[in-house]
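Worth knowing before you read on, the calculation uses all heavy atoms, side chains too, and leaves out hydrogens, waters and symmetry mates.
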Amino acid sequence: MKSLPSATTRRHRWFHSIAWLLLATLVTGCFGSPLGGDPGRGTDTFALQGIVVTPDGTPVPGAVVRVGDRETTSNEDGTFAFKDLPVQGDRMEIVVSAPGYEPATEVIYPSGSNLSVTIVLTPIGDTGGDGSDGGQGGDGGTGPGGGDGGGSGPEPEPEPEPEPVYRGTVEASVRLVNAGNAQVAAAAAVPRELLSSSAGRSVTRTTADVVPGEWIVQLDSDYPVQAINTMWADAGVRVIERLADNFYLVAAEEANASLETELRLAQLPNVVSVEPNKRVRPVAVPYAPNDTYFDRQWSLPLVSIPYAWNVTTGSRDVVVAVLDTGILPNHPDLQGVRIVSGRNFASDQSATNYTDDATSLSHGTMVAGIIGAMTNNGQGIAGINWSVSIMPVRVMSSRYGGTVAAVGQGIRWAVDNGAHVINMSLAWDATYNDTFVNQQIEYAVSKGVVLVAGAGNDSGRVTMPAAHPDVIAVGAVDRSKRLTWYSNYGPQVDVVAPGGDTRYSQANGILSTDIVSGRYTYSYQQGTSFAAPHVTGIVALMYSAGITDPNEIRELLRYTAEDLGAPGFDNYYGYGLVNAYAAVTGSDPVKARVGVASADGTRVWGPVNPVRIGQRAVARVEGVAPGRQTVFAWIDSVPDGVLGQGDFAGMAEVQVPEDGTVSADLVLAIWETLPAQDRARLAAWANR
């Protein structure tokens, strides 16, 4: 779209146009005869030039100018011209119109070979000025339609009735809910058959959104087919198909070729661009992987993780340190996961011996499986991250526990060796100052590392390291979103996540990778130890989605959480139940647009943005008519400027007073989870 000239530029052009008309008059020797001159001259045709302006002299481009059966439009500077206009009597009319302006009619008296005229168009609804809706004919004489403003344009339209003034106000508190149903998972227990270590298969994955070994290549010109084929062969690729124009889809000849092949492609002559071919999935449709026990992982849909997978499934570039009992890297569902170099601070200070010594219940292996077990590999469970790097840092023994000294060493080592996130599903009493560990936590924060820890399982005060203000403290809920009987609580709790409750059914626990009687398998367990890695896994997804600032991560986890318990922050649920989809899309409620629709849907007040008041996002819509109205809001989570798939939205009925404020609790859910009739109404209001 071309930009419009500034007001100053338009005025300069207008003066230039007037000067042009004066020059034309001097060259031709006249403005045209006086309006009362002799019409009986013998000329059959004449030339007409002019300019269309507003009352303040601003040129009007694109105006339609009609004289008899001839028509033209004004130029960008408002000027127009006719050649060889046939004389049709002693007086002729010029009719000028333009969108947004009152039409004008000007009378001219063709009495020479050249005439010049200025037409003034008045904006619709503009009652100011001198009442002139006509133009200046010829030299500004006093005849009909002359420059004294005596034109005979149409009567102005009557003033519209003023809008009524309303004094009602709607104050809406905006919050989000998860997409998952607490009862979605099957209640069946894991089959008794155990998976042996030989049952697993190694699956090598690249970044989840990229089709391995495929690129889209653009050339800057056409080549003979034979030359192109030779060029592709030299680069080690073959053409799958020509997509359009000079775009080609190519695939590597070698199975494991990746970055090296891409670099060769980029160095070929006449190559404009090289881009990896990527997978595309529907927006905000819960993605169900093919893992055998995925339907038993009730915790994942409870916090909207299958929706988050439509945004990102993780990245091997994100390193998560698991400070725990070590892991079992040969577990079938961990084979293929990228395990980076770890460390053992629990026993021999070894750089390689980070394997858990458990023969039953490998705590660290369960934590690692929740964060990043192999996903969509046709077996076992689904990890929150399909692709991630796990850094095992052994600070405890499954048999003998660990020490505060080992935890402090583990934090420092993980930070210095590239960890982005540290999970600590461990606890000790917070009575002492713990100066050593506190300094290591503060060192990690200074390096931009995010630390997550379980709040503890004593149904008492929050334990260390979760009690440290720089650590994200995680409490536990069951599959019905109720705080578990064991979860610790207090002002340090940031959020809650699924931790399970196996008292009445094993299937109500958290299912993850484990070892039982020396054989690799899966088991259900409970505890804030397993709530914490849900949050850690979501943080890793946020990293892979480009949200890497620790402060922003913590705020998003808090403000996008589903509020549970008492309204707002409380000591039991913190800010609420984590919401993975809202977190990875950055759908902070203060980004919402809030409006109020009239009962008949024909009028919308607003929309406005909320502001943060304490922990709440509150919007005030003022000047609302009294009566039963609908307050609604949406967040453009899929930033396309339109309310629809993948966005958060919701509405509520309110009774607006004649003069005063009504409060509303506005709960926003993922668009696809809303009833069809609600989606239709919301779209009509938001997209109007």
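- Partners of D563 according to the salt bridge (charged side-chain N to carboxylate O under 4.0 Å, His left out) rule, which considers only residues two or more places apart in sequence or in another chain, do not exist here.
- Not a single salt bridge (charged side-chain N to carboxylate O under 4.0 Å, His left out) links R616 to another residue, sequence neighbours left out.
- Here CG of D434 is found 12.0 Å from CD of Q440. Values are rounded to the nearest 0.5 Å.
- Using a 30° and 60° split on the angle between ring planes, Y581 and F648 fall in the tilted class, from 30° to 60°.
- Note on ring orientation: taking the six-membered ring where Trp is involved, the planes of H331 and Y522 are perpendicular (angle over 60°, cut-offs 30° and 60°).
- Smallest separation of non-hydrogen atoms from G364 and T325: N-OG1, 2.9 Å.
- Of all the heavy atoms in A652 and D665, the pair that sits closest is CB-O, 4.3 Å.
- Annotation for V621 and G606: closest pair CG1-N, 4.2 Å, computed over non-hydrogen atoms.
- With sequence neighbours excluded, the residues satisfying salt bridge (charged side-chain N to carboxylate O under 4.0 Å, His left out) with R620 are E171, E622.
- If you take CG on L577 and CG on N178, they are separated by 5.0 Å, rounding to the nearest 0.5 Å.
- At least one donor-acceptor pair under 3.5 Å links the side chain of T375 to the backbone N or O of A373.
- Listed for the W298 side chain is a donor-acceptor partner under 3.5 Å among the backbone atoms of G509.
- Distance CD1/I384 to OG1/T536: 8.5 Å, rounded to 0.5 Å.
- Here the side chains of V320 and Y543 are not in contact, with every heavy-atom distance at 4.5 Å or above.
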Practice task
Take N488 and T463 through the side-chain contact (heavy atoms from CB on, under 4.5 Å) test and state the conclusion after the steps.
Solution key: CA-CA 8 Å; N488 287 2; T463 54; 3.7 Å; yes
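- Around the OH atom of Y572, the shell of radius 6.0 Å holds no more than 12 heavy atoms that belong to other residues, nucleotides or ligands.
- Within the model, atoms CG of L511 and CG of L300 stand 9.5 Å from one another, a figure rounded to the nearest 0.5 Å.
- For D356, there are no salt bridge (charged side-chain N to carboxylate O under 4.0 Å, His left out) partners, not counting sequence neighbours.
- Taking OG from S544 and CZ from R316, the interatomic distance works out to 13.5 Å, rounded to the nearest 0.5 Å.
- A donor-acceptor pair is defined here as one N or O able to donate and one able to accept, closer than 3.5 Å; no such pair exists between the side chain of N571 and the backbone of Y489.
- Among D501, L483, T502, the single residue meeting the side chain to side chain contact (heavy atoms under 4.5 Å, CB included) criterion with D478 is D501.
- In this structure, the side chain of N579 does not engage the main chain of V303 through any donor-acceptor pair within 3.5 Å.
- Closest heavy-atom contact between V367 and N423: CG1-ND2, 3.5 Å.
- When all heavy atoms are compared, the tightest approach of G454 to A532 is N-CB, 3.6 Å.
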Practice task
Please lay out, stage by stage, how W309 and W386 fare under the test ring-ring contact (aromatic ring centres under 6.0 Å, His included).
Solution key: CA-CA 9 Å; W309 285 336; W386 298 24; 5.3 Å; yes
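- With values rounded to the nearest 0.5 angstrom, W671 atom CH2 is found 12.0 Å from S637 atom OG.
- A side-chain donor-acceptor contact under 3.5 Å links S487 to the backbone of A476.
- Remark: the backbone N or O of W634 is not paired with any side-chain donor or acceptor of D647 at under 3.5 angstrom.
- Counting only distance, with no hydrogens or angles, the side chain of D291 and the backbone of G380 share no donor-acceptor pair below 3.5 Å.
- With contacts defined as side-chain heavy-atom distances shorter than 4.5 Å, the pair V594/P607 does not qualify.
- Between the side chain of S389 and the backbone N or O of D317 there is no donor-acceptor pair closer than 3.5 Å.
- Formation of a donor-acceptor pair under 3.5 Å by the K447 side chain with backbone atoms of A419 is not found in this model.
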Problem - Derivation of the side-chain contact (heavy atoms from CB on, under 4.5 Å) call for S387 and T313 - result: CA-CA 7 Å; S387 185; T313 53; 5.7 Å; no
Anything under 3.5 Å between a donor and an acceptor, one on a side chain of residues 468-475, the other on a protein residue two or more places apart or in another chain? List them.
| residue | atom | partner | partner atom | Å |
| --- | --- | --- | --- | --- |
| H468 | ND1 | D470 | N | 3.0 |

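- Remark: Q677 engages no residue in a side chain to side chain donor-acceptor pair (under 3.5 Å) (not counting sequence neighbours).
- Not one N or O on the side chain of N508 forms a donor-acceptor pair closer than 3.5 Å with the backbone of G500.
- In terms of heavy atoms, R461 sits closest to D429 at NH2-OD1, 3.5 Å.
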Practice task
For V624 and V662, run side-chain contact (heavy atoms from CB on, under 4.5 Å): C-alpha distance rounded to whole Å, both residues' side-chain angles, the deciding distance at 0.1 Å, then the answer.
Solution key: CA-CA 11 Å; V624 181; V662 61; over 6 Å; no
Practice task
Quick one: do R681 and W685 satisfy side-chain contact (heavy atoms from CB on, under 4.5 Å)? Show the steps, please.
Solution key: CA-CA 6 Å; R681 295 172 67 194; W685 296 330; 3.4 Å; yes
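- Residues N609 and R593 form a side-chain contact, since some pair of their non-hydrogen atoms from C-beta on lies under 4.5 Å apart.
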